[in-house]
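Please see the structure below; I have some questions.
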Amino acid sequence: QVQLVESGGGLVQPGGSLRLSCVVSGRLFSFVTMGWYRQAPGKERELVASMSRGGIVNYADSVKGRFTISRDNAKNTVYLQMNSLKAEDTAVYYCTNLIGTWGQGTQVTVSS
């Protein structure tokens, strides 16, 4: 059974940075596209970034130039580096393998 465990969330001031990590159990990590979604209070869950097994990346317009997704297949881990954070980035961030398995989420709060 595949499990995804996120970490790295927290409280940060506007303009600050955080790096989220998602460790994935199982042997098929390197073969699947991985993604980060987020859900703010009262809003629908939205795609933030994704990275295919071949390294093709996709970002939401709202985070382009500020967020970077990466993966380490040897560690079964996907990362989301978030820079120049804004209040509107506040949300619960979820890791997913885009085929139905999700992590438990990690809270990111951007506030002064």
Side-chain angles (χ1 to χ4, degrees):
Q1 183 178 358
V2 176
Q3 291 186 320
L4 285 65
V5 180
E6 302 103 332
S7 62
L11 173 63
V12 62
Q13 293 186 343
S17 298
L18 283 174
R19 188 176 81 154
L20 306 183
S21 300
C22 174
V23 179
V24 183
S25 65
R27 295 179 293 175
L28 300 180
F29 173 81
S30 62
F31 296 99
V32 299
T33 296
M34 295 297 300
W36 288 95
Y37 278 69
R38 68 185 180 187
Q39 187 166 21
K43 295 188 177 181
E44 293 187 354
R45 193 173 294 189
E46 63 174 355
L47 177 66
V48 176
S50 64
M51 175 177 268
S52 73
R53 64 177 184 174
I56 297 173
V57 297
N58 179 48
Y59 294 99
D61 287 342
S62 59
V63 306
K64 283 180 181 177
R66 300 188 298 122
F67 290 12
T68 302
I69 188 171
S70 62
R71 63 193 294 165
D72 185 336
N73 289 337
K75 295 182 178 180
N76 274 24
T77 302
V78 60
Y79 304 97
L80 185 67
Q81 178 67 44
M82 305 185 295
N83 299 328
S84 302
L85 282 161
K86 306 175 181 179
E88 50 263 43
D89 295 318
T90 295
V92 178
Y93 284 70
Y94 298 91
C95 175
T96 177
N97 59 8
L98 298 181
I99 52 173
T101 306
W102 296 81
Q104 81 286 355
T106 185
Q107 176 70 48
V108 172
T109 302
V110 184
S111 174
S112 56

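From a predicted model like this one, the values you see are computed outputs, not experimental measurements.
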Problem set entry | Polar side-chain atom of Thr96 near backbone of Gly35 as donor-acceptor pair, under 3.5 Å | no
Solution key, residues 55-63 side-chain donor-acceptor pairs under 3.5 Å, sequence neighbours excluded:
{"from": "Tyr59", "atom 1": "OH", "to": "Ile69", "atom 2": "N", "distance (Å)": "3.0"}
{"from": "Asp61", "atom 1": "OD1", "to": "Lys64", "atom 2": "NZ", "distance (Å)": "3.1"}
{"from": "Ser62", "atom 1": "OG", "to": "Arg38", "atom 2": "NH2", "distance (Å)": "3.3"}

Problem set entry | Inter- and intrachain pairs under disulfide bond (SG atoms under 2.5 Å apart), touching residues 60-90, at least two apart | none
For this session: Please check if the side chain of Gln107 supplies one atom and the backbone of Gly9 the other of a donor-acceptor pair under 3.5 Å.
Result: no
Seminar exercise, completed: Sorted by chain and residue number, the side chain to side chain contact (heavy atoms under 4.5 Å, CB included) partners of Asn76 (sequence neighbours excluded) come out as Phe29
Exercise. Donor-acceptor pair, Ser25 side chain versus Gln3 backbone, under 3.5 Å?
Worked result: yes
For this session: Please go through Trp102's hydrophobic cluster and name the other residues, only I, L, V, M, F, W, Y counting, with side-chain heavy atoms under 4.5 Å joining them.
Result: Tyr37, Leu47, Val92, Tyr94, Leu98
For this session: For Val108 and Met82, work out which heavy atoms get closest and say how close.
Result: CG2-CE, 3.8 Å
Problem set entry | Crowding at CD, Glu44 (>12 non-hydrogen neighbours, <6.0 Å) | no
Seminar exercise, completed: Those residues at least two apart in sequence (or on a different chain) that pass salt bridge (Lys or Arg N to Asp or Glu O under 4.0 Å) with Arg66 are Asp89
Exercise. If you measure from CZ on Arg19 to CD on Gln81, what distance do you get to the nearest 0.5 Å?
Worked result: 7.0 Å
Problem set entry | side-chain contact (heavy atoms from CB on, under 4.5 Å) assessment of Thr68 paired with Tyr79 | CA-CA 8 Å; Thr68 302; Tyr79 304 97; over 6 Å; no
For this session: With sequence neighbours left out, write down each residue that passes side-chain hydrogen bond (donor to acceptor under 3.5 Å, both in side chains) with Ser17, or none if nothing qualifies.
Result: Asn83
Problem set entry | Pair listing, disulfide bond (SG atoms under 2.5 Å apart) test, anchored in residues 28-65, at least two apart | none
Seminar exercise, completed: Sequence neighbours excluded, the answer for side chain to side chain contact (heavy atoms under 4.5 Å, CB included) partners of Ser111 is Leu11, Thr109
Seminar exercise, completed: Taking every heavy atom of Asn97 against every heavy atom of Leu4, the minimum-distance pair comes out as N-CD2, 3.9 Å
Problem set entry | Heavy-atom check, side chain of Val48 versus side chain of Tyr93, under 4.5 Å | yes
Seminar exercise, completed: For Ala49 and Leu80 the tightest heavy-atom approach is CB-CD1, 4.2 Å
Exercise. What pairs with Val23 under side chain to side chain contact (heavy atoms under 4.5 Å, CB included), at least two apart in sequence or on another chain?
Worked result: Thr77
For this session: Write out all pairs satisfying disulfide bond (SG atoms under 2.5 Å apart) with one or both partners inside residues 2-102, taking only residues at least two apart or from two chains.
Result: Cys22-Cys95
Seminar exercise, completed: Here the salt bridge (charged side-chain N to carboxylate O under 4.0 Å, His left out) pairs for residues 69-83, sequence neighbours left out, are none
